[in-house]
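Below is one structure; the comments refer to it alone.
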Amino acid sequence: MGVIEKYAHLLPVTEKTPRITLGEGSTPLVHVDNISKLLGIELWAKLEGCNPSGSFKDRGMVMAVAKALEDGAKALVCASTGNTSASAAAYAAAAGVPCYVLLPAGKVALGKLAQALMYGATVVAVKGNFDRALEMARSAAESKGFAIVNSVNPYRLWGQRSGAWEICEALGRVPDWHAIPVGNAGNISAYWAGYKQYKEIGRIDRLQRMMGFQAAGAAPLVTGKPCPNPETVATAIRIGNPVSAHLAKEAVAQSSGEFNSVTDEEILAAQKLLSSKGGLFAEPASCAPLAGLIKLKNEGRLPAGITVTMILTGNGLKDPDTAMSQVGRPIEIGDNIDELLEVMRG
Ligand SMILES: *Cc1c(COP(=O)(O)O)cnc(C)c1O
């Protein structure tokens, strides 16, 4: 069952909203044993890379596309750091509507670009950063009368609330901390809204701290001012002027949470640790929360024994180039068993 059908009673859907799905949502929440021990906490990872297009964007996209179809939209438009375009292109393909995606030229991970093209979207590379591409997408959507499916589309954040509901259901309670990467700041806002909605209807009895992590080179919510030239290896959060900044600030303030930033080195080290000690391969942006938890631990600011959920927002396969830049190459041998045994000696 997809997000719309499973949570129709909690979402702004009508009988006319098409129950489209590609099988999004219901992703695993797994206890990360080795890293929990390392950090002295109970660490749970929500595997959003298991969504059909490989990132959490599918939860909101299914809602945005369903509502656009309900309203008779002729085409979809979005600007994207990569995963929004992959997701929009997938749902557009299945729905049989054209999709136009604007990407910052040269700044999108290879897997995401391959996806958007394979799903058949019209892909436009803009010589400018994401923030500029979004302005252009909004103005083009308006003049053509097409549906914009960026997170300025309120249905995106509605669908993304489902992640919070699933966590409450899986844990049987709320975590102490919710650790999440922050780019355009939609997801942290959606999770907070989802947790609050569950508290209002009595499904949980308290709320947790919202801990938002940005990349040091694109950290407007940490520095308190827009970042005109965002730069980070974590391309999914390479955003200088987050559209949902006001909602994210509210989430952090109301939950006594915090924004923090981590360097690219810390992000890549966390990505390697998560893969090699946790068996979980997530894209760089998804590893900002783990990098942040390690940073807080080193500063003596990570309370022992707390339960933390971290959202692994996108699949590691999305960005093979960054992964390959951090690891060695395979050991090459001839067609010869002795050479193989030699490798295994040691
Ligand atoms: C979109 C995205 C983010 C950032 O989410 P926002 O809602 O823009 O803050 C983080 N990680 C991945 C993998 C993403 O695709």
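Every value quoted in this text rests on a predicted model; they were computed, and no experiment measured them. Hydrogens, waters and symmetry mates are skipped; everything else that's a heavy atom, side chains included, is used. One-based numbering, in listed order, for ligands and for the atoms of each.
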Handout entry: Stacked cation flag Arg161 on Trp158, 6.0 angstrom / 45 deg
Key = yes

Exercise for the section: Only counting residues at least two apart or in another chain, list the ones meeting side chain to side chain contact (heavy atoms under 4.5 Å, CB included) with Ala109. Expected result: Lys112, Thr235, Asp319

Practice task
Measure the acute angle between the ring planes of Trp44 and His31, then classify it against the limits of 30° and 60° as parallel, tilted or perpendicular.
Solution key: perpendicular

Handout entry: Ile239, Asn241, Asn129 screened by side-chain contact (heavy atoms from CB on, under 4.5 Å) with Pro230, the one that passes
Key = Asn129

Exercise answer, ligand 1 polar atom pairs (N/O) under 3.5 angstrom:
residue	atom	partner	partner atom	Å
ligand 1	7 (O)	Gly186	N	3.2
ligand 1	7 (O)	Asn187	N	2.8
ligand 1	8 (O)	Asn184	N	2.8
ligand 1	9 (O)	Gly183	N	2.8
ligand 1	9 (O)	Asn184	N	3.3
ligand 1	9 (O)	Ala185	N	2.8
ligand 1	11 (N)	Thr313	OG1	2.7
ligand 1	15 (O)	Lys57	NZ	2.6
ligand 1	15 (O)	Asn83	ND2	2.7

Problem - Donor on one side chain, acceptor on other, Gln208 and Trp177, under 3.5 Å - result: no

Fill in the blank from the handout: Correct closest heavy-atom pair for Met310 and Leu43 would be CE-CD2, 3.7 Å

